[in-house]
Amino acid sequence: MSKHDTIVAADVVVTSPGRNFVTLKITTEQGLTGWGDATLNGRELAVATYLRDHVAPLLIGRDPARIEDTWQYLYRGAYWRRGPVTMTSIGAVDLALWDIKGKTTGQPVHQLLGGPVRDRVLSYTHATGWDVPQLLDSVDAQRERGFRAVRAQTGVPGLDTVYGVSREAAGYEPAGRGTTPVEEVWDTAAYLRHAPGALAAVRDHVGPELHLLHDAHHRLTPNEAARLGQALQEVDLFWLEDVTPAENQEVLRHVRRHTTTPLAIGEVFNTVWECQSLITEQLIDYVRTCVTHAGGISHLRRIAALAEVWQVRLGPHGPSDVSPVALAASLHVGLSTPNFAIQEYMGYEPLVHEVFRHDWSYADGYLHPGDAPGLGVELDETLAARFPYEPAYLPVARRRDGSMTDW
Ligand code: KDG
Ligand code: MG
């Protein structure tokens, strides 16, 4: 018998209980199972292949306790580093190994990360209405569920489709099933005419206490972003998210110079290096990196540690395309990280809660990861097998003249 446990299998489960999820299952010689989320919305099979063909064979025979060494091995060992496919794959391995370490020691992961620094994790959810009255109803419905922080998105007069809002349903799921993406038309001027008034109406309706958030979803130029930040100043947002694509990070200085509306960026970033100048130049207030897409618990903690030095706080990504395994991991980080601020919690369809049985829970505006050993989520593989992968894509967006723009 070897002196340490050994990884004997690494399998990828792709399931679609209403939407696609990719999950890594690592099994050890001693019979422990660790789960990691590897879902990359609209590019799911690329991560599944990366894991199956290039990562799983490298894991066999390794010591599952060596989480950081495995992270370094996969990151540095690939030579072709960073990027969403690579970092989501590494993130899935990292989550599964933390899950195993928790199960080996009988401890929830947050205990292994130093223990709780708070009792519960503040969460925000989404309110969505095609017009302002519908949006107010949606905000009220989320307040009735106990939420103390709500992201408000509304339709724009003259546009048929808008990010974050569905015309028909109260809920919203961005990825549409089918073999090609839906094409949407986008008009920034119409959005800028409408959004400040709609958000001001929400603030008037709810009063000063409710935390309000809004996502501009990467669509604005620096100057448009600065104008929006100014126009929303009186609304007193908790944060304004993704005002620009943030590939060109210098331009955020211009936005910062013109508004004190708090800015949140980072859901599409995959490493600390993409966050570095936004944090160290204090161009953002919240960093939004996701526990899966940014290389797992081990790497999200590095981002949080850098951010802490610069008084930037963590507000991790948590839409419906981040599985309950990743949400659990994010909550363990949230419970144990001093500069954590808020967790996005979009919620899941009932079937997703059956496929992923989880110990984490929501009550009264807060989430808690639970005290089960490891991450506290188990995938029901038999149920998952009943829902095979279905092609689904995020929409793409074009301006009125037909040219492509950021969705
Ligand atoms: O897959 C893309 C979604 O996760 C993203 O559009 C959601 O912007 C988003 C958010 O803030 O939740
Ligand atoms: Mg977003």
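Atoms within each ligand, like the ligands themselves, are counted from 1 in listed order. Position 1 is the first residue of the sequence; numbering continues from there. Side chains included, hydrogens not; waters and symmetry mates left out as well; all remaining heavy atoms used.
With respect to atom 12 (O) of ligand 1, the closest heavy atom belonging to the protein is E344 OE2, 2.5 Å. For atom 3 (C) of ligand 1, the closest heavy atom belonging to the protein is D321 OD1, 3.6 Å. Among protein heavy atoms, atom 9 (C) of ligand 1 sits closest to Y163 OH, 3.0 Å. Regarding atom 1 (O) of ligand 1, its nearest protein heavy-atom neighbour is N41 ND2, 2.8 Å.
Looking at D215, its N, O or S atom nearest to the Mg ion (ligand 2) turns out to be OD2. Distances from the Mg ion (ligand 2) to each N, O or S atom of E267 single out OE1 as the nearest.
Here the OG atom belonging to S16 is positioned 3.5 Å from the CZ atom belonging to R177, to the nearest 0.5 angstrom.
Atoms of ligand 1 lying under 4.0 Å from any heavy atom of D215, numbered from 1 in the order shown and given with element: 8 (O), 9 (C), 10 (C), 11 (O). Of all atoms in ligand 1, listed by their number and element, those nearer than 4.0 Å to a heavy atom of R288 are 10 (C), 11 (O). Atoms of ligand 1 found under 4.0 Å from any heavy atom of R151 (numbered from 1 in listed order, with element): 10 (C), 11 (O), 12 (O). Taking a cut-off of under 4.0 Å to the non-hydrogen atoms of W407, the atoms of ligand 1 that pass are 6 (O). Close contacts between ligand 1 and P319 involve ligand atoms 4 (O), 12 (O) [criterion: under 4.0 Å to a heavy atom].
Neither side chain, E44 nor T39, offers a donor N or O lying under 3.5 Å from an acceptor on the other. Side-chain polar atoms of Q343 and S330 form a donor-acceptor pair below 3.5 angstrom.
Residue contacts with ligand 1 leave out Y172, since none of its heavy atoms falls under 4.0 Å from the ligand. Within the structure, ligand 1 lacks M346 among the residues with a heavy atom less than 4.0 angstrom away.
In this structure, W186 has its ring center closer than 6.0 angstrom to the ring center of Y191. Y393 has its ring centre no less than 6.0 Å from the ring centre of W407. Here the two rings, on W80 and Y75, have centers that are 6.0 Å apart or farther.
Annotation: cation-pi geometry satisfied between R19 and F21 (NZ/CZ under 6.0 angstrom from ring centroid, within 45° of ring axis). Both the sub-6.0 Å distance and the 45° axial angle are not jointly satisfied by R151 relative to the ring of F238. Cation-pi geometry between R302 and W71 is satisfied (NZ or CZ under 6.0 Å from the ring centre, within 45° of the ring normal).
E241 lies close to the Mg ion (ligand 2), since one of its N, O or S atoms is found at a distance under 2.8 Å.
Checking only distances, E267 does come within under 3.5 Å of ligand 1, N or O to N or O. At a 3.5 angstrom cut-off on N or O pairs, E241 counts as close to ligand 1.
Salt bridge annotation for E344-R288: present, with a cationic side-chain nitrogen under 4.0 angstrom from a carboxylate oxygen.
When non-hydrogen atoms are compared, ligand 1 lies under 4.0 Å from the side chain of L394 (C-beta onward) but not from its backbone.
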